[in-house]
Engineer: 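If you scroll down you'll find the structure; I have some questions about it.
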Protein chains: 2
Amino acid sequence: MKVPSVEVERRLAQFKAASRKGGVKLTHQRLEIFREIAASLEHPDAETVFRGVQRRVPTVSLDTVYRTLWRLNDLGLITTRCPRRESVRFDANLSRHHHFVCTRCGLTRDFESGEFDELRIPESVRALGHAETTQVEVRGVCLRCAKETKTKRGIATKKEEP
Amino acid sequence: MKVPSVEVERRLAQFKAASRKGGVKLTHQRLEIFREIAASLEHPDAETVFRGVQRRVPTVSLDTVYRTLWRLNDLGLITTRCPRRESVRFDANLSRHHHFVCTRCGLTRDFESGEFDELRIPESVRALGHAETTQVEVRGVCLRCAKETKTKRGIATKKEEP
DNA sequence: CTATTTGCAAATAATTTGCAGTGCG
DNA sequence: CGCACTGCAAATTATTTGCAAATAG
């Protein structure tokens with residue numbers, strides 16, 4: 001599975017516009033780093049983004065990836081997640097969305113839901129601050145892990161995300 | 001603000017029971033490490049837990065804190081969060097709960113909501129896996145940050161969590 | 001042109017591991 | 001008593017920084 005290229009292009013266009021407005025330069029590396037996240041369903045971490053970009057821009061350096069990612073994050077052009085023990089992961093989906101997280105393997109996927117976008121905030125939250133948006137994380141077992149359970153009953157095998 | 005001591009004791013009792021059942025030893029350090037998280041509203045990181053425990057158990061070491069936290073996490077006795085750029089934070093609130101996160105300072109507070117516990121899962125999630133629970137993250141501006149904005153119009157000052 | 005951004009290499013911070021001794025059950 | 005747990009110190013990551021050269025606008 002991949003992010004449809006139409007959607008990738010849409011994200012890229014939005015990114016370019018926002019970059020110009022934000023006064024950041026549109027370098028080759030920066031564009032490719034963004035593209036890498038925008039095209040991925042995996043919410044990749046810095047290292048993974050680096051390896052992906054490296055295939056297209058062999059001279060790119062890991063520190064540029066780190067710098068760029070945090071820079072884009074500060075500008076609000078991407079956001080961060082960290083579903084599990086490992087390092088921070090990045091998300092270029094700026095549309096309102098929610099997450100499905102597999103409690104076995106950590107697989108994290110976006111999904112949209114108008115209903116979840118409009119949740120009524122409980123009274124008690126008033127005491128904490130002024131609520132602006134809600135994001136729901138649905139936890140469960142992904143299809144692949146569920147299938148594995150059926151085959152080799154209950155042995156939680158460590159594995160990579162698809 | 002602090003977690004009421006009745007609640008801390010309840011969490012401790014639950015922890016002791018679960019530890020015995022899980023076959024892990026109830027050492028002094030382990031108990032104090034758990035107490036530190038159980039008594040905190042802040043979802044502290046490893047370093048912070050370490051400093052807190054150190055006041056009561058001066059000989060405790062940072063690596064024991066790390067090992068213990070991940071051990072407890074693996075046993076399901078605590079959970080993890082990482083609301084911002086900094087390192088992973090831990091949560092000893094095992095009751096069903098949701099989070100309010102301040103987008104300015106990162107303050108994270110638990111709250112309960114029967115309504116949020118029972119959200120109807122959208123159809124589209126079926127394609128991803130078998131949903132089990134939902135956790136809502138409400139994002140907004142905490143009271144303290146909101147107050148600051150009113151005083152010094154719009155300058156986002158960096159600050160510690162309360 | 002000139003302020004940003006990059007790549008490199010080196011520094012720092014965060015986290016994990018090996019090992020010998022300690023203590024819970 | 002034995003095995004899980006601890007503290008120490010050293011190792012390993014992960015991430016950040018300083019600086020000179022490169023480049024977008």
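For the numbers below, each heavy atom of this structure counts, side chains included, while hydrogens, waters and symmetry mates do not. Numbered from 1 within each chain, the chains take letters A, B, ... in sequence-line order.
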Engineer: Classify the side-chain pair A/D110/A/H43 by whether it contains a donor and acceptor separated by less than 3.5 Å.
Structural biologist: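 Their side chains do contain a donor-acceptor pair, which is all the 3.5 Å distance test asks for.
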Engineer: With a 3.5 Å distance limit and no angle check, can you tell me whether A/R96 reaches the backbone of A/T134 through a side-chain donor-acceptor pair?
Structural biologist: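 Yes, A/R96 side chain to A/T134 backbone: donor-acceptor pair under 3.5 Å.
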Engineer: Is B/R67 near enough to D/dG7 that one of its side-chain N or O atoms lies under 4.0 angstrom from OP1 or OP2?
Structural biologist: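 Answer no for this pair, as no side-chain N or O of B/R67 is under 4.0 Å from OP1 or OP2.
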Engineer: Looking at D/dA9, C/dA9, C/dG25, which one has an atom nearest to any side-chain atom of B/K25?
Structural biologist: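 Of the candidates, C/dG25 comes closest.
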Engineer: Would you classify B/E47 as touching base, sugar-phosphate or nothing, given that sugar-phosphate means primed atoms plus P, OP1 and OP2, and contacts are heavy atoms under 4.0 Å?
Structural biologist: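 Nothing: the residue B/E47, judged by heavy atoms under 4.0 Å, touches no strand.
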Engineer: What is the distance from NE2 of A/H28 to C1' of D/dG25, rounded to the nearest Å?
Structural biologist: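 Whole-Å distance recorded here is 18 Å.
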Engineer: Using the closest heavy atom to pick a nucleotide of DNA chain D for each, name whichever of B/T68 or A/L62 lands nearer the 5' end.
Structural biologist: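 Per heavy-atom nearest nucleotide, the more 5' residue is B/T68.
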Engineer: Among the nucleotides D/dC5, C/dC19, C/dT6, which one has an atom lying closest to any side-chain atom of A/Q29?
Structural biologist: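 For the A/Q29 side chain, the nearest candidate turns out to be C/dT6.
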Engineer: Output yes when at least one side-chain N/O atom of A/T27 is less than 4.0 Å from OP1 or OP2 of C/dT6, else no.
Structural biologist: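 A/T27 to C/dT6 OP1/OP2: side-chain N or O found under 4.0 Å.
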Engineer: Given C/dG7, C/dT16, D/dC5, identify the nucleotide with an atom nearest to the side chain of B/Y66.
Structural biologist: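 Ranking C/dG7, C/dT16, D/dC5 by closest atom to the B/Y66 side chain puts C/dT16 first.
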Engineer: Specify the separation, in whole Å, of atom CG of A/L31 and atom P of C/dT5.
Structural biologist: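 It works out to 14 Å between those atoms.
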Engineer: Can you tell me if the side-chain N/O atoms of A/R30 get under 4.0 Å from OP1 or OP2 in C/dT6?
Structural biologist: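 Checking A/R30 against C/dT6: at least one side-chain N or O falls below 4.0 Å of OP1 or OP2.
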Engineer: Backbone N or O of A/K25 within a donor-acceptor pair of the A/R30 side chain at under 3.5 Å?
Structural biologist: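 Flag set: sc A/R30 to bb A/K25 pair under 3.5 Å.
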Engineer: Report the distance from atom CD1 of A/I33 to atom P of C/dT5, rounded to the nearest whole Å.
Structural biologist: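 Checked: the CD1 to P distance equals 12 Å.
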Engineer: For B/V24 and for B/D63, locate the closest nucleotide of DNA chain C by heavy-atom distance; then report the residue assigned to the nucleotide nearer the 5' terminus.
Structural biologist: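 Nearest nucleotide further toward 5': that of B/D63.
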Engineer: What class does the angle between the rings of B/F111 and B/H98 fall in, given that below 30° is parallel, 30 to 60° is tilted and above 60° is perpendicular?
Structural biologist: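 Rings of B/F111 and B/H98: tilted, as their planes differ by 30° to 60°.
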